[in-house]
Amino acid sequence: MHKRFDHKEFEGKWQKEWKETGLYDAGTRDQNKDKEYVLVELPYPSGNLHIGHWYAFAVPDIYVRFRRMQGKQVVYPMGFDAFGLPAENAAIKRSINPREWTESNIEYMRTQLESMGNAFSWDKTTSTIDPAYYKWTQWMFGEFFKNDIAYRGEGVVNWCPHDHTVIANEQVLADGTCERCGTAIEKREMPQWKLRITNYADKLIDGLDGLDWPEHIKEAQRQWIGRSKGAEIDFKITTPQNTNVNISIKVFTTRPDTLFGVTYLVLAPEHSLVAELQTQIKNWDDVAAYVQAAKQKDDIERGDNTKEKTGVKLEGITAINPANGEEIPVYIADYVLGGYGTGAIMAVPAHDERDAAFADKFNLPVVSVITETAVLKNSAEFDGMSSEEAKIAITQKVGGQMTNTYRLRDWSIGRQRYWGVPIPIVYDPEGKAHVIPKEHLPWTLPEDVDFTPTGEPPLAKSVELKERTERIFGAGWTPELETMDTFVDSAWYFMRYMDNQNAETFASLESQKEWLPVDMYFGGAEHTTMHLLYSRFWQKALHTLGLVVHDEPYLRRANHGMILGPDGNKMSKSKGNVVDPDEQVKLVGADTVKMYLAFMGPYENSSYPWDPGGVTGLRRFLERVNGLDSHITDSKPTETTSLLHKTIKKVSDDIAEFKFNTAISAMMILMNHVEKSGLTHDSYLTFLRLLAPFAPHLTEELWHQAGNKTSIHSADFPISNPELAKDDSVTIGIQINGKMRGTITISPTASESDAMSAVASTPELAERISGAEIKKIIYVPGRILNIISGI
RNA sequence: GCUGGAGUGGUGGAAUGGUAUACACGUUCGACUCAAAAUCGAAUGCCGCAAGGCUUGAGGGUUCGAGUCCCUCCUCCAGCACCA
């Protein structure tokens with residue numbers, strides 16, 4: 001009969017003990033140890049911990065504890081990303097203050113997080129809504145503004161009509177809807193605060209090479225940035241009134257080698273030249289109608305590449321192909337995008353599918369200039385040149401520029417909402433923007449505000465903000481009314497953790513040198529082209545200003561998947577398939593929930609459905625661990641010793657690769673064995689230390705029951721002895737002519753002739769080869785014996 | 001369409017080119033019990049009474065030997081996409 005296993009009894013007890021002794025605090029840097037900074041994405045304090053938080057924080061905790069026990073000075077901080085719309089919406093709905101709502105959520109969520117029993121370094125916590133934190137967010141923005149990394153520019157923005165605010169390109173989903181609320185995004189023309197992430201496009205791509213990140217994440221960022229190499233080429237244009245107007249159209253092309261095949265140009269409908277040429281365009285009414293129609297279309301319609309091409313010829317406008325002097329027509333068409341490249345293309349219908357479709361519809365000539373072997377033809381002096389060489393040669397000849405163009409757009413960070421960091425800008429009576437000096441930071445969020453969204457920023461309603469601005473800066477000065485995108489808040493939080501009390505600077509250079517960069521960053525796949533890209537940019541921007549030591553924030557990264565409902569669907573209240581972690585913890589304990597999540601499959605990339613039966617399996621395992629001390633004996637079978645050391649190696653290797661599932665499986669195999677064969681007291685303690693990162697509460701309890709006075713989590717992780725891990729004998733497969741026919745058990749170092757005689761003394765194998773001529777024997781000691789008999 | 005990844009039992013999944021299906025769930029049978037739960041023991045890829053044969057999305061190939069490497073194709077997931 002197993003002894004009592006009551007997780008409620010000891011989990012709370014040990015959590016209290018760990019908290020009181022500050023066991024997991026990172027403290028000051030200990031130069032005798034290697035540091036290891038393990039980071040998880042800081043949560044939004046919604047007020048309720050869900051199973052995804054468990055997956056995101058409790059499973060990496062296995063790695064954290066493992067590295068601690070290996071003697072690293074591990075820091076595993078936790079904090080709160082607490083600005084954002086949910087608080088504001090809750091405030092509107094229940095007429096409460098967003099700050100009060102958020103702070104009480106933080107308080108509650110912290111107790112929930114503590115109930116997970118993770119080795120969080122709570123001494124290094126921070127919260128993005130703390131004025132002592134957002135003071136520095138504002139200060140950094142100011143530095144960026146002074147150095148022209150932040151700017152206010154006119155432009156077309158993504159407007160979410162549901163949330164009444166602008167959102168960044170990264171926050172628009174592929175189907176053109178809002179990442180937050182799913183509403184279809186509208187385009188609006190308005191001035192916007194932006195950050196020049198595009199200036200860092202090359203650095204962001206090139207920096208990926210030095211990072212130990214999974215290739216698919218790097219590739220996703222490369223594609224998001226979307227660098228293409230090509231050339232910008234000017235086409236002079238002529239008009240009826242003035243055959244030699246000094247106007248030209250700049251096009252971007254990745255194929256300057258096909259310049260002799262250009263038979264027309266196409267401008268985006270929104271191209272500025274269209275309006276400029278109004279008086280010269282004979283069919284202006286048709287053109288204007290087309291431009292108007294294009295404006296009405298949303299991105300989804302315009303992005304539909306299956307529909308037939310449309311467009312209008314600009315009658316009276318002619319361009320000159322700089323390669324051969326030929327006059328070619330100019331069109332506008334919505335398949336050319338205003339925001340990419342120069343908003344104008346040279347069309348080569350012979351070598352581009354879209355141009356071909358357009359040429360087909362409008363009966364435009366097609367001139368083939370590239371042979372099947374990628375060599376030029378119909379291209380005057382360039383005939384016979386390779387396509388690659390010609391790209392440079394032709395660009396040079398026509399006075400073009402080799403250049404890169406990017407898919408990435410500047411990051412728009414202004415939000416017409418209340419619950420965020422106020423953009424630290426004031427306008428003088430002439431309307432010129434000025435950064436608020438450091439001595440007036442934090443530039444606090446006013447309290448006298450009505451949050452009801454109207455399309456106008458809520459800060460416009462604050463009398464206090466207006467008065468504050470005039471009092472400090474003078475009469476006629478006005479405050480900026482927008483707040484920042486919350487992705488700004490989370491772009492640099494990992495630095496603040498490591499110097500969270502500093503009132504002089506956001507994080508001293510000493511603290512950066514001591515603790516940064518982040519060694520291991522666990523997080524969700526959804527942040528690949530948002531948070532992860534933004535925060536790399538932020539770091540590089542600070543780096544160019546000399547404010548940070550490192551120019552890449554995160555050395556290693558692993559993306560985890562999602563925990564789905566038992567029905568295999570994403571958990572949602574409407575589907576009624578939500579698993580409540582608090583309930584599960586009550587039922588089976590934190591150790592069981594954590595181990596179940598780790599056991600479902602490899603941690604990286606995959607999503608798994610919650611299986612209530614699977615939880616039972618891990619609970620059973622831990623109950624058996626709880627009773628394992630009844631199997632302690634004095635005898636010491638070598639078989640058990642060997643299995644123990646193999647298991648230590650397997651568990652260590654697997655944790656390092658985040659293959660927690662197979663690590664657990666190895667421990668299960670070991671336990672299945674020792675329950676039958678017994679184990680020594682020493683082996684028992686070794687087993688507990690092996691399991692400690694996975695089941696921190698139970699192992700701590702059993703460790704103390706076994707007479708230890710200090711925490712198991714301060715003990716050393718077991719080290720595998722390769723000598724002791726060796727087996728005396730091993731069962732290997734016997735193949736005859738490549739077919740598996742049986743097994744023999746033999747020493748792993750046995751000779752080929754020993755192996756053959758073992759086969760001869762195994763009747764069913766001997767029978768199969770008797771009388772046959774053996775042509776060849778392949779013997780891999782400890783693995784396989786393959787007998788080729790030629791029959 | 002492009003890029004990256006994945007297709008293995010009833011389920012989650014395991015396998016440095018070397019005994020495919022570890023471990024766990026589930027199911028079946030048995031023990032314990034008045035009974036049930038819990039627990040313990042046994043069985044469990046498929047076809048077949050058996051001998052035996054077949055099996056890692058499909059088809060080829062390389063190899064003594066392929067889930068693993070190569071080629072062609074199919075399906076699914078993720079990212080990008082009228083990006084010039």
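On a predicted model such as this, the values are computed, not experimentally measured, just so you know. Throughout, a chain's letter reflects where its sequence line sits, starting with A, and its residues are numbered from 1.
- When the P atom is compared between B:C71 and B:U21, the two are found 29 Å apart, to the nearest whole Å.
- Of the P atoms belonging to B:G45 and B:A38, the separation is 24 Å, rounded to the nearest Å.
- Within the nucleic acid shown, A:Gln223 comes within 4.0 Å of at least one base atom, counting heavy atoms only.
- Classification of the A:His531-A:Tyr554 ring pair by plane angle, with boundaries at 30° and 60°, yields tilted.
- Taking for each of A:His216 and A:Tyr608 the nucleotide of RNA chain B with the nearest heavy atom, the 5'-most of the two is the partner of A:His216.
- Note on A:Lys776: every side-chain N or O is 4.0 Å or more away from OP1 and OP2 of B:U63.
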Inset, instruction - Take nucleotides 22-27 of chain B nucleotide by nucleotide from the 5' end and write B, S or -, depending on whether a protein heavy atom sits under 4.0 Å from the base, only from the sugar-phosphate, or from neither. - result: BBSSS-

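- What you find for A:Ile225 and A:Ala201 is that their closest heavy atoms are CG2-CB, 3.8 Å.
- Distance CG (A:Leu173) to C1' (B:C80): 14 Å, rounded to an integer number of Å.
- Taking every side-chain heavy atom of A:Asn786 into account, B:G18 is the closest of B:G79, B:G18, B:U19.
- Of the candidates B:C82, B:U19, B:G13, the closest approach to any side-chain atom of A:Thr743 belongs to B:U19.
- With respect to A:Asp209 and A:Arg222, a salt bridge is recorded, a charged nitrogen being found less than 4.0 Å from a carboxylate O.
- At the heavy-atom level, A:Pro602 lies under 4.0 Å from the strands shown only through sugar-phosphate atoms.
- Sequence order on RNA chain B of the closest nucleotides to A:Met600 and A:Val780 puts A:Met600 first from the 5' end.
- When the C1' atom of B:U39 is taken as reference, atom CZ of A:Phe621 falls 17 Å away, rounded to whole Å.
- The aromatic ring centroids of A:Tyr603 and A:Phe658 lie 6.0 Å or more from each other.
- A:Asp727 and A:Lys646 are joined by a salt bridge, as a carboxylate oxygen and a charged side-chain nitrogen come within less than 4.0 angstrom of each other.
- Under 4.0 Å is where a charged nitrogen must lie from a carboxylate oxygen, and between A:Arg557 and A:Glu41 at least one such pair does.
- An OP1 or OP2 oxygen of B:C83 is reached within less than 4.0 angstrom by a side-chain nitrogen or oxygen of A:Arg354.
- For the residue pair A:Ser228 and A:Asn404, no side-chain donor N or O sits within less than 3.5 Å of a side-chain acceptor on the partner.
- With rounding to whole Å, A:Arg619 atom CZ is found 14 Å from B:U39 atom C1'.
- Distance from the side chain of A:Ile784 is smallest to B:U19 among B:A15, B:A84, B:U19.
- Ion pair A:Asp352/A:Arg354 flagged as a salt bridge, since at least one NZ, NE, NH1 or NH2 atom sits closer than 4.0 Å to an Asp/Glu carboxylate oxygen.
- Taking atom CD1 of A:Ile217 as the reference point, atom C1' of B:G5 lies 12 Å away to the nearest angstrom.
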Legend entry - Full working for salt bridge (Lys or Arg N to Asp or Glu O under 4.0 Å) between A:Arg227 and A:Asp206: CA-CA 11 Å; A:Arg227 174 163 69 191; A:Asp206 298 342; 3.3 Å; yes

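- Atom CG of A:Asp654 is separated from atom P of B:A15 by 8 Å (rounded to the nearest Å).
- There is a side-chain donor-acceptor pair under 3.5 Å between A:Thr310 and A:Tyr290.
- A:Ala268 approaches A:Val274 most closely through the heavy-atom pair O-CG2, 4.1 Å.
- In this structure, CZ of A:Arg227 is placed 15 Å from C1' of B:C83, rounded to the nearest angstrom.
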Inset, instruction - Summarise protein proximity over nucleotides 42-56 of chain B in one line of letters, 5' to 3': B for base, S for sugar-phosphate only, - for none, counting protein heavy atoms closer than 4.0 Å. - result: -----------SS--

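- Between A:Tyr335 and the phosphate of B:A84, there is no side-chain N or O to OP1/OP2 separation shorter than 4.0 Å.
- When all heavy atoms of A:Leu267 and A:Leu273 are compared, the closest pair comes out as CD1-CB, 4.4 Å.
- For A:Gln735 and B:G65, a side-chain-to-base donor-acceptor distance below 3.5 Å is absent, hydrogens and geometry of angles not being considered.
- If you measure from atom NZ of A:Lys218 to atom P of B:U3, you get 19 Å, rounded to the nearest angstrom.
- For the pair A:Asp360 CG and B:C82 C1', the interatomic distance rounds to 16 Å; values are reported in whole Å.
- Base orientation of B:G53: anti, since the glycosidic angle falls outside 90° of 0.
- Smallest separation of non-hydrogen atoms from A:Ala755 and A:Tyr779: CB-CE1, 3.8 Å.
- Residue A:Thr731 is classed as a base contact, given a heavy-atom separation below 4.0 Å to a base.
- Taken together, the paired segments of RNA chain B that extend over three or more consecutive Watson-Crick or G-U pairs, each closer than 3.5 Å at both contacts, are B:1-7 with B:74-80, B:10-12 with B:23-25, B:26-31 with B:39-44, B:45-47 with B:52-54, B:57-61 with B:69-73.
- To the nearest whole angstrom, the two C1' atoms, one in B:U27 and one in B:U19, are 27 Å apart.
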